[in-house]
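We use all heavy atoms of the structure for the numbers below, so side chains are in, but hydrogens, waters and symmetry mates are not.
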Amino acid sequence: MHDPESSEVEALTRDAAPFLHRSKWRRKRCCILSSICIGVCVLAILIAVFIIIAHNSYTPKIVLYVIPDGFGAAHGTLTRQIYGTPSLDKLVAGAERTRSFNSLITDSAAAGSALATGHKTNNHMLSMYPNQTLTGTLMEAALAEGFYTGVIVKSPVPHATPAAFTAHHHSRYNMENIAKQQVMVKKPGRGFFDVMLGGGLDYFDAAKRADHLDLLAEARKRGFTVVHNKTALDNADKFPILGLFTPGQMTYALDRPNATAVHSTTAEPTLPDMLDKTLQLLLKASAGGDKLHKEFKGAVLMTECSMIDFAAHKNDAAGVAGEVQECDKTVRVALDFAAKMKSLRRAEVVIIIAPDHETGGLAMARGGLENYKPEVIARVRKTVKTMAARVMEPGASLPDIVQQGAGFALNAAELATLNPLAHSDNKSAFEVALGNVIAARADIAWTSSYHSGSDVLFWSNRPEIIGAHSLENTDIPKTLAKWLKVDLERTANEVRKNYQGWDFGGSGNLDRINIEEEGPIHGMPSVIPQ
């Protein structure tokens with residue numbers, strides 16, 4: 001029998017079903033939306049936490065760029081045979097090609113520019129394209145990002161290699177203009193480099209400059225502590241520092257009172273002294289001890305073993321070996337610092353030792369397998385520069401001076417070679433001649449008193465970053481810029497703006513250009529900008 005009440009309930013249920021279904025969907029949709037909102041909030045919190053952790057865990061990066069000017073493989077071999085195994089032997093990473101934009105044989109300006117900017121240029125030009133368009137240097141790019149920066153050298157501070165990292169010019173020989181740039185041209189970022197140490201006081205001294213501009217006073221106005229001896233350098237307690245210790249180049253290691261000492265006992269610091277002091281201040285800064293920068297991001301420092309090249313130009317084998325040994329001591333200072341920073345977990349340190357070219361074309365055993373005698377070079381106690389200066393003094397005795405400085409008595413043929421030059425005004429010719437007389441005693445041959453086109457070795461404590469293979473010199477700063485996360489091209493644009501109106505003492509083009517550097521044959525340029 002049909003139940004009217006049951007039928008009515010069924011009808012009501014059937015009519016209400018769509019509404020009940022929609023209500024359930026609304027509840028489910030609300031749950032889904034709530035879950036999404038919660039998920040988005042959690043994700044945002046996780047991202048914020050990750051950013052904070054990433055920021056707080058940023059590891060500062062330090063590049064210690066060491067450039068042994070003129071250092072070839074044979075120079076290293078000779079030094080090892082005289083002084084023992086160097087630290088460099090454990091760091092060999094690869095080989096480096098050195099040609100300039102316009103020559104198979106580079107000079108130090110073009111080579112320094114390649115190592116500083118990642119671009120080839122013509123010989124004698126500093127950190128600009130061959131058409132005189134300025135290029136940004138690794139040091140300027142690092143400065144723009146808040147890194148500590150500077151150069152430590154034994155040459156004059158405005159000399160070719162340090163100038164390539166800190167200035168721009170169409171002629172490396174306009175050193176007064178370069179010195180003026182180093183002190184007065186505002187760079188990207190904080191504006192000025194943190195440390196410049198070396199020789200070359202005359203280029204900053206108003207009494208010696210042609211324009212009588214007092215660059216020492218200008219440096220002090222810009223906050224530099226200016227020092228002229230080791231005691232003052234030791235007492236300096238903050239950046240920036242300008243240290244100028246000699247009128248021109250600094251003293252050869254072989255001519256010091258104790259040629260093998262790491263630290264100086266005179267007023268003039270050694271190259272290891274200068275780097276060590278700089279790294280002490282950098283260590284202090286890494287612990288928050290220097291308020292010059294808001295945070296410690298790292299550093300890019302270029303140290304040049306300048307006078308390997310100077311000695312090789314004079315064909316002075318003992319002078320070269322002394323400078324290479326001092327350079328190796330400087331590398332040890334860098335290695336000790338890298339180890340300390342690692343143990344303190346304050347910074348990641350890359351040391352790259354990259355010569356700019358080889359000088360002199362040094363060869364051993366020119367007269368046969370049994371005639372080579374490096375012990376002859378080991379007995380030399382003074383550089384040919386110092387011996388030549390003494391020989392040319394009034395009343396000086398050439399045989400006595402060579403006996404005292406080189407450790408042997410000149411024979412008749414050697415006297416016949418040296419006497420005419422000893423009594424001339426051509427000191428440079430006498431120096432080279434004396435260098436070759438000493439070399440012949442050791443059966444060493446110098447093929448040139450200038451640069452050669454040989455590839456050179458390079459070394460690193462982190463070869464996996466630089467790349468252990470044969471490379472162009474321009475590859476090194478490009479690789480370091482990527483590792484540091486600094487932008488060379490953007491820096492170049494800023495540098496060109498800062499140099500607008502600067503008087504280079506000649507024409508210059510500050511406009512941006514495009515240039516193809518790497519040609520199909522051994523990195524030879526295939527497009528020359530007009």
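- Residues satisfying the salt bridge (Lys or Arg N to Asp or Glu O under 4.0 Å) test with Asp455, not counting sequence neighbours, are none.
- A distance-only check finds no donor-acceptor pair linking the side chain of Arg390 to the backbone of Thr386 [under 3.5 Å].
- With 3.5 Å as the limit, one finds a donor-acceptor pair spanning the side chains of Thr166 and Gln182.
- With no hydrogens or angles considered, a side-chain donor-acceptor pair links Arg332 and Ser87 at under 3.5 Å.
- Between the side chains of Asp107 and His124, at least one donor-acceptor pair of N or O atoms lies under 3.5 Å.
- A donor-acceptor contact closer than 3.5 angstrom is absent between the side chains of Thr161 and His159.
- Within a 6.0 Å sphere centred on NZ of Lys340, heavy atoms belonging to other residues, nucleotides or ligands number 12 at most.
- Of all heavy-atom pairs between Phe71 and Val456, the closest is O-CG1, 3.7 Å.
- Side-chain atoms of Ser460 come within 3.5 Å of backbone N or O of Ile351 as a donor-acceptor pair.
- Side chain of Lys187 to main chain of Leu143: no donor-acceptor pair is present (N/O by atom type, distance under 3.5 Å, no hydrogens or angles).
- Counted by atom type alone, Thr474 and Glu472 present zero donor-acceptor pairs between their side chains at under 3.5 Å.
- Between Thr491 and Glu140, the side chains place no donor N or O within less than 3.5 Å of an acceptor N or O (distance only, hydrogens not considered).
- Dense packing is recorded around NZ of Lys186, with more than 12 heavy atoms of other residues, nucleotides or ligands lying under 6.0 Å away.
- A donor and an acceptor atom, one from each side chain of Thr251 and Glu268, are located under 3.5 Å apart.
- A donor-acceptor contact closer than 3.5 angstrom is absent between the side chains of His119 and Ser113.
- Between Arg462 and Glu464, at least one side-chain N (NZ, or NE/NH1/NH2) sits under 4.0 Å from a carboxylate O, which counts as a salt bridge.
- Electrostatic pairing of Lys329 and Glu326 does not count as a salt bridge here, judged by no charged N lying under 4.0 Å from a carboxylate O.
- Side-chain atoms of Lys61 do not come within 3.5 Å of backbone N or O of Gly298 as any donor-acceptor pair.
- Classification of the Phe296-Tyr148 ring pair by plane angle, with boundaries at 30° and 60°, yields tilted.
- For Arg490 and Asn493, the side-chain atoms include no donor-acceptor pair closer than 3.5 Å.
- Ring planes of His75 and Trp446: tilted class, angle from 30 to 60°.
- Considering only residues two or more places apart in sequence or on other chains, Glu176 meets the salt bridge (Lys or Arg N to Asp or Glu O under 4.0 Å) condition with none of them.
- None of Thr303, Ile476, Ile353 except one satisfies the side chain to side chain contact (heavy atoms under 4.5 Å, CB included) rule with Tyr65; the exception is Ile476.
- With no hydrogens or angles considered, no side-chain donor-acceptor pair links Thr383 and Asp316 at under 3.5 Å.
- With a 4.5 Å cut-off on side-chain heavy atoms, Tyr203 and Val157 do not count as touching.
- Annotation for Phe310: atom CZ counts as buried by contact number, over 12 foreign heavy atoms lying within 6.0 Å.
- Partners of Asp211 by side chain to side chain donor-acceptor pair (under 3.5 Å), not counting sequence neighbours, listed by chain and number: Arg209.
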